[in-house]
Amino acid sequence: QWPGLIEAYRDRLPVGDDWRVVTLLEGGTPLIAAPHLSEITDCEVYLKVEGLNPTGSFKDRGMTMAVSTAVNNGKTAVLCASTGNTSASAAAYATRAGITCAVLIPEGKIAMGKLAQAVMHGAKIIQVQGNFDDCLELARKATAEFGEIELVNSVNPSRIEGQKTAAFEIVDVLGRAPDVHALPVGNAGNITAYWKGYTEYHRDGVSGSVPRMLGVQAAGAAPLVDGAPVKEPETIATAIRIGSPASWNQAVAAKEESSGQFRAATDEKLLEAYRLIAGREGVFVEPASAAGVAGLLAARADGWVAAGSTVVCTVTGNGLKDPDTALSGMPEVEAIPVDPVAVADALGVR
Ligand SMILES: Cc1ncc(COP(=O)(O)O)c(/C=C/C(=O)C(=O)O)c1O
């Protein structure tokens, strides 16, 4: 079976031969064709379905590396600030490693599925009177002061190393790098990691080209688009409700070196893409995860993406993480009598 990321890409990762590897067999996720998106954009569109990782998001790629590194450096606890998925993943990998995990989450702004994961994996859950950016500042200060705690946010280079493997998998499966790679951008670790992966494969001659990176933010939380931090970030896509990305400079470098672009998508456009991916491609992702697709549709419309392009959109988290948003638009469901005729009527087949 798939051996997990570190075994699959050991020669491309900073891992000691004698290391105890902490893995939940993450990675090896589907790169699935998206026929409806391909049709409406006249491109060859694929989805990299990262919601099918062990804890339901791409964070597992970074966490196997960060927690394995922490354990092999003798750390006894990990800490992260999180909008939810990082904390879910840190909790799972820490418990797997038998070490303590504490998570700092912004008051009241976390999707239920993610909180359930951190609870069930036994993380110490600390709600902070502030937003994600305040949580990250607190996490940096706490880990700077207490050396036995490893900070496992994506400022930790091990996270970037683990997450770059998604680019390797895409080239390994596609046989080439895509022309464009679209993905959501919050704290900007993932766009940084993808660019690192694509450029390493290109440097080593595994791929003959690199993609243009299309990083998409929520309009109410788009510091990289605005060119300045956003004090009070607001978006229904709580995973990317971040006003001051920790990997700002690396994300800008990825955009510039790849001749890429940052775009903002309104919550309305995010939700449209969210519904389209589930309702037409059969892939259920959480709202933030649809940002790359929303950006692709806009970039195709204004010609930044040409017809005939090969495009990969990373959909970063499983839709099950955020049932509240999924059910918020649900029409009234009327109960029917135990009568086959009523079923036929409901299906409009009679
Ligand atoms: C579903 C989903 N999609 C996209 C992003 C943005 O990735 P980055 O640009 O690398 O931050 C996140 C990020 C979540 C956290 O930052 C956290 O969990 O603390 C996410 O959960």
Side-chain angles (χ1 to χ4, degrees), residues 48-53 55-63 66 79-92 103-106 109-111 113-115 117-118 123 128 131-136 138-139 151-156 159-160 162-164 166 181-196 213-218 221-225 233 235-248 250-252 254-255 262 265 270 273-274 277 284-295 313-322 325:
K48 182 63 172 165
V49 189
E50 290 293 279
L52 298 181
N53 275 296
T55 74
S57 87
F58 71 92
K59 303 289 184 180
D60 295 341
R61 293 181 183 274
M63 224 39 90
L79 173 69
C80 68
S82 176
T83 61
N85 281 322
T86 295
S87 55
S89 185
V103 299
L104 306 179
I105 48 180
K109 290 285 177 190
I110 178 170
K114 305 170 184 179
L115 191 56
Q117 289 176 287
V128 174
N131 59 25
F132 170 85
D133 304 288
D134 301 318
C135 293
L136 184 58
L138 177 53
L151 176 63
V152 291
N153 277 97
S154 53
V155 293
N156 181 328
R159 281 280 310 275
I160 305 300
Q163 289 173 212
K164 75 181 180 185
H181 191 109
L183 78 169
V185 174
N187 216 16
N190 216 22
I191 189 169
T192 300
Y194 268 95
W195 183 238
K196 192 167 197 290
M213 299 302 293
L214 176 56
V216 189
Q217 303 203 290
L224 289 166
V225 178
T235 172
I236 193 166
T238 52
I240 55 175
R241 190 174 172 270
I242 294 173
S244 181
S247 300
W248 185 298
Q250 298 95 314
V252 169
K255 185 261 290 187
F262 291 126
L270 285 180
Y274 167 67
I277 299 164
F284 185 22
V285 304
E286 69 170 282
S289 303
V293 169
C313 297
T314 296
V315 284
T316 45
N318 197 300
L320 292 169
K321 297 268 188 168
D322 188 357
T325 301

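Every heavy atom of this structure was used, including side-chain atoms; hydrogens, water molecules and symmetry mates were not. Atoms within a ligand are numbered from 1 in the order they appear, just like the ligands themselves.
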task: Taking the side chain as every heavy atom from C-beta outward, state whether Ser89 and Phe58 have any pair of such atoms under 4.5 Å apart.
output: no
message: Out of the candidates Asn85, Thr316, Ile277, only one should pair with Ser289 under the side-chain contact (heavy atoms from CB on, under 4.5 Å) rule; please name it.
response: Thr316
- prompt: Counting from 1, what ligand 1 atoms have a heavy atom of Val185 closer than 4.0 Å?
  reply: 9 (O)
- prompt: Does Asn187, backbone or side chain, put an N or O under 3.5 Å from an N or O of ligand 1?
  reply: yes
query: Which residue supplies the protein heavy atom nearest to atom 7 (O) of ligand 1, what is that atom called, and how far is it?
result: Phe58 CZ, 3.4 Å
task: Spell out, as yes or no, whether a donor-acceptor pair under 3.5 Å connects the side chain of Asn187 to the backbone of Ala246.
output: yes
Check: Val185 main-chain N/O paired with Gln217 side-chain donor or acceptor under 3.5 Å: yes
message: Using only atom types and a distance under 3.5 Å, with no angle test, would you say the side chain of Asp322 pairs donor to acceptor with the backbone of Glu286?
response: no
field: Candidate with minimal heavy-atom separation from atom 6 (C) of ligand 1, of Ala111, Ala291, Gly186, Gly56
entry: Gly186
query: Can any side-chain N or O of Asn156 pair as donor or acceptor with the backbone N or O of Leu151 at less than 3.5 Å?
result: yes
Option of least heavy-atom distance to atom 5 (C) of ligand 1 (set: Ile240, Thr83, Val285): Ile240
message: Give the atom numbers and elements of ligand 1 that come within less than 4.0 Å of a heavy atom of Ile242.
response: 16 (O)
query: If you measure from CD1 on Ile110 to CZ on Arg241, what distance do you get to the nearest 0.5 Å?
result: 12.0 Å
field: atom 10 (O) of ligand 1 [closest protein heavy-atom partner, distance rounded to 0.1 Å]
entry: Asn190 N, 2.8 Å
- request: May I ask you to identify the nearest protein heavy atom to atom 4 (C) of ligand 1, giving residue, atom name and distance to one decimal place in Å?
  value: Thr316 OG1, 3.5 Å
message: Are any of the N/O atoms on Phe132, whether in the backbone or the side chain, positioned under 3.5 angstrom from an N/O atom of ligand 1?
response: no
task: For the residue pair Asn190 and Trp195, establish whether any side-chain heavy-atom pair is separated by less than 4.5 Å.
output: no
- request: Provide the number and element of each atom of ligand 1 under 4.0 Å from a heavy atom of Gly189.
  value: 8 (P), 9 (O), 10 (O)
Nearest-neighbour protein heavy atom for atom 14 (C) of ligand 1, which is reported as residue plus atom name and distance: Lys59 NZ, 3.1 Å
- line: Here the atoms of ligand 1 under 4.0 Å from any heavy atom belonging to Ser289 are 1 (C)
- prompt: Is a donor on one side and an acceptor on the other found under 3.5 Å between the side chain of Asn318 and the backbone of Leu320?
  reply: yes
- prompt: Counting both backbone and side chain atoms, is some N or O of Ile191 under 3.5 Å from an N or O of ligand 1?
  reply: no
query: Short N/O distance, under 3.5 Å, between Ser82 and ligand 1?
result: yes
query: Do the charged groups of Arg61 and Glu50 touch, with an N to O distance under 4.0 Å?
result: yes
- line: If we number the atoms of ligand 1 from 1 as shown, the ones under 4.0 Å from a heavy atom of Glu286 are 1 (C)
message: Side chains of Leu270 and Thr235, heavy atoms from C-beta outward: is any pair under 4.5 Å?
response: yes
- prompt: Which residue and non-hydrogen atom of the protein lie closest to atom 21 (O) of ligand 1, and at what distance in Å?
  reply: Asn85 ND2, 2.8 Å
field: Contact check, Ala188 vs ligand 1, heavy-atom distance below 4.0 Å
entry: yes
task: Examine Ser87 against ligand 1 and note whether any of their N/O atoms are separated by less than 3.5 Å.
output: no
Min heavy-atom dist Gly84 to ligand 1 below 4.0 Å: yes
task: Tell me which protein heavy atom sits closest to atom 20 (C) of ligand 1, plus the residue, atom name and distance to 0.1 Å.
output: Ala239 CB, 3.6 Å
Shortest protein heavy-atom distance from atom 18 (O) of ligand 1, along with the residue and atom involved: Thr86 N, 2.7 Å
- prompt: Below 4.5 Å, heavy atoms only, C-beta onward: do Val293 and Tyr274 meet side chain to side chain?
  reply: no
- prompt: Taking side chain as C-beta onward, heavy atoms only, is Ile160 less than 4.5 Å from Lys196?
  reply: yes
- request: Could you say whether the N/O atoms of Lys114 and ligand 1 ever approach to under 3.5 Å?
  value: no
